Number of protein chains: 2
Amino acid sequence: MATIYQVSELAGVSLSTVSRVLNENDYVSKKTKQKVLDAMEQLGYTPNSIARSLASNCTNSVGILVSELDGAFFGEMMSAIEAQLRAAGKHVIITPGHSEEDKEKNGLEFLISRNCDAIIAHVEAVSDEYLVKLNKGKTPIYLISRYVDKMKENCISLDNVMGGYLATKHLLNQGHTDITYIAGPLFKPDAFDRLEGHKKALKEHGIAFDEQTLFVGDFKETGGYNGLEYFFSKKRKFTAVVCANDEMASGVMKCAREHKLDLPKDLAIVGFDNVHFTNYLYPTLTTIDNPVEKMGIMAANLVLKQVYKQNRSNIEHIFTPDLLVRDSTTHLV
Amino acid sequence: MATIYQVSELAGVSLSTVSRVLNENDYVSKKTKQKVLDAMEQLGYTPNSIARSLASNCTNSVGILVSELDGAFFGEMMSAIEAQLRAAGKHVIITPGHSEEDKEKNGLEFLISRNCDAIIAHVEAVSDEYLVKLNKGKTPIYLISRYVDKMKENCISLDNVMGGYLATKHLLNQGHTDITYIAGPLFKPDAFDRLEGHKKALKEHGIAFDEQTLFVGDFKETGGYNGLEYFFSKKRKFTAVVCANDEMASGVMKCAREHKLDLPKDLAIVGFDNVHFTNYLYPTLTTIDNPVEKMGIMAANLVLKQVYKQNRSNIEHIFTPDLLVRDSTTHLV
DNA sequence: GTTGTTTATGGTAGCGCTTCCATATTTAGG
DNA sequence: CCTAAATATGGAAGCGCTACCATAAACAAC
């Protein structure tokens, strides 16, 4: 591998000059620049990014921590962040946290140890205090889909309470009154807040929240499946179910079908997130549109602005979800 | 940030000794080791991985190139590779290639410029020659889900011809004879080979392949949807459709339903890949099980063995897919 | 011409580590 | 007790760059 030294020799200039043309931001005469460029070309020189990072203390890389590498929601999130950052010449180092405190901490520390210039994290298990403290270290932490008051300038989050509210409100408006709820793990802020929104909507309609209508799932298909089985086993009467995410809604559909329910007539279902596949479920899923791509882009812009001092205007910190009505819910006759 | 130098000072030993305890593979007395460990603890020292990489010429990172960061198939692939590598103390740098030649090259070059110790790539658009040439450079390239004869030792691939064959064979065995096929983009080896398998099965049953039964889709839901619309528009009679992946199969289902077909009675559907969600479609999808997780783990093991000289036995280079019969196909009465 | 400012280039000290060589020190074998 | 091997530590070069300081040349203003 050719080094900057060999380039300087071939071009007949000093190391500094080669470095200058590499960094394109200093006085170099056109003629000299061309000589250097030619030498690089001739040697097939590519800069060693590790050496640059060590010398400049900047890696041009931002760490991304997501809960899972698979999963529709995270896929869309990673994709959006990566594209935006890549367009600005930065790159991402992605690592999963698996929604477990140890693993999330481990992932975060790993990203810090790799000298990322910043971290965008979707963390669910670590505490607010831990994050605040970590953010005071050398690597700034940005949170996506989570709101921590003491570092709100670094958060891009969704109004999950509003989302949960909209979902349930929609069913109530359709005439449903016996509504069950399949939540995500309640230690996760997203899951907790969505449930809060559900309760708020019920309250507004004068319906008392009944613990018996709640099942805590795992945000995966099985969670929805098991939740519905649970309600059936309790002989509960209900005409609608709200799921805290789309994967669980698809599990509910599968279970309902196995119980010979006619969807959506016998059971109305609402999901949350509007991941890509919801439009291909049968029936197509009414869900809450989570603007995860916009949030990813915004998180990337926030990093570009604050860490890389690029000009990005209009950082929005809190996003509002929308209700998306499709076929899985209908008016009760 | 504490450096190795401060640790050495506090512990009262030389730089070299600190480096030795860091690397755990040289003569250091128990007593000295403890002193160093204590000093590290006290200073909250964490090694600077960039500096280590520069000095040792090893980054302990392997680059992963996948076509998309979202997408069920790639999610499962990344997840499997990452987990296996992480367990061995290596980490991954993931970048998308978007199935376009320029972008794939760009991604590969980027990973090389980041000094990855190896690259595991799922590339579809670049030529065999390019890969062979690239593999001769400083960074070894391993291919997943692609077979290139001149570098077959570096390939982990699937017998796609067999997969395509099994899918169509299954339908033929069920009594179907009017079978349409929705392929992926034919420049992609996976797509091409699966179609070859389909043709082979037809031939074996004495059925001539008819170009009119072929639609080339995009491996996404829309591809399946559009494919079915296309066949309908051609007034084609058929009782079954083979899709070259699961996403397209779900698009087919959606379209079929909109045309009031009763599934699976009116139309048998076979997918390919057996990604997670296929079990939650309605009807559940008969598909070809693509052992992508096993392949991912195997690719990781191959790198661990060849690049990091770890002991990994039984590298399997070619995997065989299985037919997975579910509800989307039934015997023709 | 003198002075000051802009433009252009070279020299060199690190960035925080690893690694090789040199030098003690300890242990084992006879 | 002597020698050789094994064990334990230090010293210093260098990985490939960046960044700061110094210097030189070119240009402008008076």
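So that the names make sense, note that chain A is the first sequence line, chain B the second, and so on, each numbered from 1. No hydrogens, no waters, no symmetry mates; every other heavy atom, side chains included, goes into these values. A quick note: this is a predicted structure, and the numbers were derived from the prediction, not measured.
In this structure, of C:dT19, D:dC21, D:dT18, it is D:dC21 that holds the atom nearest to the side chain of A:R20. Listed nucleotides: C:dG10, C:dG16, C:dT19. Nearest to the side chain of B:S19: C:dT19. Distances from the side chain of A:S56 to the nucleotides D:dT9, D:dT18, C:dT19 place D:dT18 closest. Checking D:dT9, D:dT18, D:dG16 against the side-chain heavy atoms of B:L54 singles out D:dG16 as nearest. Minimum atom distance to the side chain of B:Y27 is reached by D:dT9, of the listed D:dT9, C:dT19, C:dG16. Side-chain proximity of B:A55 to C:dT19, D:dT18, D:dG14: nearest is D:dG14.
Salt bridge status for B:E109 with B:K105: absent, with no side-chain N to carboxylate O gap under 4.0 Å. Taking a cutoff of 4.0 Å between a charged side-chain nitrogen and a carboxylate oxygen, A:R146 and A:D128 qualify as a salt bridge.
Where A:L15 and A:D26 each meet DNA chain C at their nearest nucleotide, the meeting point lying more 5' is that of A:D26.
Phosphate proximity of C:dT9 to A:T17: absent, as no side-chain N or O sits under 4.0 Å from OP1 or OP2. Note on B:S29: a side-chain N or O is less than 4.0 Å away from OP1 or OP2 of D:dT9. Side-chain N/O atoms of B:S16 include none lying less than 4.0 angstrom from OP1 or OP2 on C:dT18. Contact annotation: B:N48 does not reach the phosphate of C:dC15 (side-chain N/O to OP1 or OP2, under 4.0 Å).
Atom NZ of A:K152 is surrounded by 12 or fewer heavy atoms from other residues, nucleotides or ligands within 6.0 Å.
The CD1 atom of A:I144 sits 12.5 Å away from atom CG of A:N154, with the distance rounded to the nearest 0.5 Å.
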Distance-only check: which donor-acceptor pairs under 3.5 Å involve side-chain atoms of residues 12-21 of chain B, not counting sequence neighbours?
| from | atom 1 | to | atom 2 | distance (Å) |
| --- | --- | --- | --- | --- |
| B:S14 | OG | B:S16 | N | 3.4 |
| B:S14 | OG | B:T17 | N | 3.4 |
| B:S14 | OG | B:T17 | OG1 | 3.3 |
| B:S19 | OG | B:N23 | ND2 | 3.4 |

Can you give me every donor-acceptor pair (side chain of residues 116-125 of chain B, partner residue at least two apart or in another chain, under 3.5 Å) with its distance?
| from | atom 1 | to | atom 2 | distance (Å) |
| --- | --- | --- | --- | --- |
| B:D117 | OD1 | B:T59 | N | 3.0 |
| B:D117 | OD1 | B:T59 | OG1 | 3.2 |
| B:D117 | OD2 | B:T59 | N | 3.4 |
| B:D117 | OD2 | B:N60 | N | 2.6 |
| B:D117 | OD2 | B:S61 | N | 3.4 |
| B:D117 | OD2 | B:Y308 | OH | 2.6 |
| B:H122 | ND1 | B:S67 | OG | 3.4 |
| B:E124 | OE1 | B:S67 | OG | 3.0 |
| B:E124 | OE1 | B:S99 | OG | 2.5 |
| B:E124 | OE1 | B:K188 | NZ | 3.1 |

Walk along nucleotides 24-29 of chain D from 5' to 3' and tag each nucleotide B, S or - by protein heavy-atom contact under 4.0 Å, base first, then sugar-phosphate. ------
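DNA chain C contains the following stems of three or more consecutive Watson-Crick or G-U pairs, with both distances under 3.5 Å: C:1-30 with D:1-30.
Within residues 5-14 of chain B, no residue has a heavy atom under 4.0 Å from DNA chain C.
Listed by first then second residue, pairs satisfying side chain to side chain donor-acceptor pair (under 3.5 Å) with a partner in residues 40-51 of chain B number zero, not counting sequence neighbours.
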